[in-house]
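First the proteins, then the strands, lettered A, B, ... as listed; each starts at 1.
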Amino acid sequence: MRSSQLFGKTSKSEGLDYKIASHRLLTQAGYIRESTAGRLFFLPLGQRVQNKIIDVVRKHMEGIGAQEVLMPTLHPLELWQETNRTTTVSFELMTIKDRRDAEFALGGTAEEMAVDLVRKFNVSYKDLPFSIYQFSMKFRDEMRARGGLLRVREFIMKDAYSFGTEAQFKKTYQQYWDAYAAAFTELGLKTDVVAADNGYIGGEYCHEFVSESDAGESRYFIDETSGYAAHEDVATFQVDEKNLDEELQELKPVEAVRGTTMEDGVKLHNMPLWQQIKDVLYFDEATKRYILAIIRGDFDVNETKLMQAAGAWELRSATEEEIRDDLGSEPGFISPVDFAKQGKNSGHTVVIVADKSLRTVRNAYGGANRKHQDLLSINIDRDYVPDIEADIALAQPGMKSLKGGELIEKKGIEVGNIFQLGYHYTNLMKDAEYTDDAGTRQKYYMGCYGIGIGRTMAAIVDAHHDEKGIIWPDAIAPYRVYLARLGGDEAVVQAADELYQKLQAAHIDTLYDDRDISAGQKFADADLTGIPHRVVVSARTLKENAIEYKQRDKDAAEVISLDELLASRL
RNA sequence: CGGGGUGUGGCGCAGUUGGCUAGCGCGCCUGGUUUGGGACCAGGAGGUCGAAGGUUCGAGUCCUUUCACCCCGACCA
């Protein structure tokens, strides 16, 4: 490709107020351009990179025997209704009607479609396990797009779906795990594999592949001694025992003229934070229940764990009016002791969820559901009985993992994930069955596996750039060689043209900068664009009957012969 | 949806006590001189100032409404 013909220009504008390096560099270097928020044009350079990432991912999918298909973009809404996902993911599902008023979901993920496709066939146990996958545009009606490619509203995703028996699943899951690790390595990304929350996808467990980066949105914890890694949403940790050797004291109401924070309680009673009970009241819009989360004072509530424990979907904080009027309590003085007696009477459903940390403390203190009234020596079982006891605590850096090592907090970009779906979808969808060796119909045991192509591109730029621009790994660079011709002498032009022909003949993808611009501009563009190998032809190199070669990530250039270049550099 | 910010040629911006032909840099076009780290000279094209309505003799500038985008948060791959 000749630069003079390339659509999409570089820009040296410093003023772009994009916070994320990948966003700024990809825009400045002419890889992407925004349409509206969260919807992007991929320019020729960007599309080449995207295609190369797809090639790498495809190779690794084929390597584990997954078979590529392409599904429709518009999914019949009935399929989503069949699995109840029109309600659970309604916040981001986009729908559209055709001329006959048939309703469709714009596909944001395709579990239902995959199951629907498979159940159209009569499958034998001999066909199992198998996987189908696709690269296709996915639509997410995100509340807020951000960071260029990091969070967008439509993007190409590789999504794979495995079908098999429960006994086969473990191996399949491991195959995807290994294939993902290999693919990301080839793409130049170091990834951490972390246990994560399934969210609305369903199933019992899943893992995210995360590329560590300050630009990322995923917070996760790693215990480097044991290898334990988990997303903040699900991270577990050791809860230290506090004062279990203490005698139980009598429950004691006291006057407590204080503010409403935890610190106010600590100061007033001059007792440790951990001995205080933290009460956080939520309302679940999905199930119309109040959920009172209680936890040891030195911990915080993990809302993801809480939702899992309580079976809630749309959690929000309760308002002060609700605390007073619906539940007869008082903000800042909520207590599980005799909580919401009034509320229960007035017809509100209340669920009390206690964190297991409350079992590590005796004679706790906290509010009394009335303003300026506290209780001392509160004890679980005796003074209050939670409806649910579970781990609903947020892990903190420095805590010990269950395997003993210290939890280190990291931030990263989630580039891929693998989900165990189990029978979740095949239970909800009719006839998702194969015939086993005894001739009976059995449900498939499923997994699903995603990689965001554009986000992967952003993560790679994030991991591979310097102050001058992008530094692409060879495997996905839009071109392998940046051939710069300096000066317009006939001899130089001719030599550069010839070299360009030779590189093409050797099937080396080359971007030939044949523009009549200054050397400085060409070098700057070469650096910004990030093509890994730079070759210069100029009057100077011509005199030596050689060319100049430099790698993007190295400082020094070398003058070598053409033969040497072709034989050992490219 | 809440908070903050911004909309003026392709890009980045100035113009904000209303005032006459709307400016600057980059980029683009023409000609010329240049050519090893973002060159220079001369000439040129390109804007109904996000949109709609209003106030006024007069609106980029004031008022109302609205749309879009950026950042933070809620929320989420």
To the nearest angstrom, how far is [X] atom [atom1] from [N] atom [atom2]?
X	N	atom1	atom2	value
A/Y220	B/rA77	OH	C1'	15 Å
A/K522	B/rA39	NZ	P	12 Å
A/E111	B/rA77	CD	C1'	12 Å
A/I32	B/rC11	CD1	P	15 Å
A/R144	B/rC1	CZ	P	15 Å
A/L106	B/rA77	CG	C1'	17 Å
A/M143	B/rC72	CE	C1'	15 Å
A/R515	B/rC28	CZ	P	9 Å

For the pair [X] and [Y], find out whether any cationic side-chain nitrogen is under 4.0 Å from an anionic carboxylate oxygen.
X	Y	answer
A/D192	A/K410	yes
A/K305	A/D391	yes
A/D516	A/R485	yes
A/R219	A/D233	no
A/D514	A/R2	yes

State the pairing partner of [N]; accept Watson-Crick or G-U wobble contacts with both distances under 3.5 Å, and report none otherwise.
N	value
B/rU48	none
B/rG2	B/rC72
B/rG37	none
B/rA42	B/rU30
B/rU55	none
B/rG7	B/rC67
B/rG12	B/rC24

Inset, instruction - Counting heavy atoms from C-beta on, name the nucleotide in B/rC11, B/rA77, B/rG36 closest to the side chain of A/R455. - result: B/rA77
Legend entry - Selected nucleotide, minimal atom distance to A/F523 side chain, candidates B/rG36, B/rG38, B/rC76: B/rG36
Considering only atom [atom1], compute the distance from [N] to [M] and round it to an integer number of Å.
N	M	atom1	answer
B/rA59	B/rA39	C1'	42 Å
B/rU8	B/rC62	P	16 Å
B/rC26	B/rG38	C1'	11 Å
B/rC69	B/rC29	C1'	31 Å
B/rG9	B/rC1	C1'	36 Å
B/rG18	B/rU55	C1'	12 Å
B/rC20	B/rC57	C1'	12 Å
B/rC72	B/rG10	C1'	30 Å

What does [X] touch in the nucleic acid at a heavy-atom separation under 4.0 angstrom: a base, only the sugar-phosphate, or nothing?
X	result
A/T541	base
A/R33	sugar-phosphate
A/R316	nothing
A/D525	base
A/V152	base
A/D516	nothing
A/T36	sugar-phosphate
A/E34	sugar-phosphate
A/A524	base

Inset, instruction - Output yes when at least one side-chain N/O atom of A/Q521 is less than 4.0 Å from OP1 or OP2 of B/rG37, else no. - result: no
Inset, instruction - Check whether any side-chain N or O of A/S518 sits under 4.0 Å from OP1 or OP2 of B/rU35, and answer yes or no. - result: no
Inset, instruction - Classify the side chain of A/R534 versus the base of B/rG37 as yes if they form a donor-acceptor pair under 3.5 Å and no if they do not. - result: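 Side chain to base: pair present.
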Legend entry - Donor-acceptor pair under 3.5 Å, A/R146 side chain vs B/rC71 base: no
Is there a donor in the side chain of [X] and an acceptor in the side chain of [Y], or the other way round, less than 3.5 Å apart?
X	Y	answer
A/S136	A/K138	yes
A/Q5	A/S3	no
A/D197	A/Q308	yes

Legend entry - Closest-nucleotide 5' rank along RNA chain B - winner of A/M307 and A/K9: A/K9
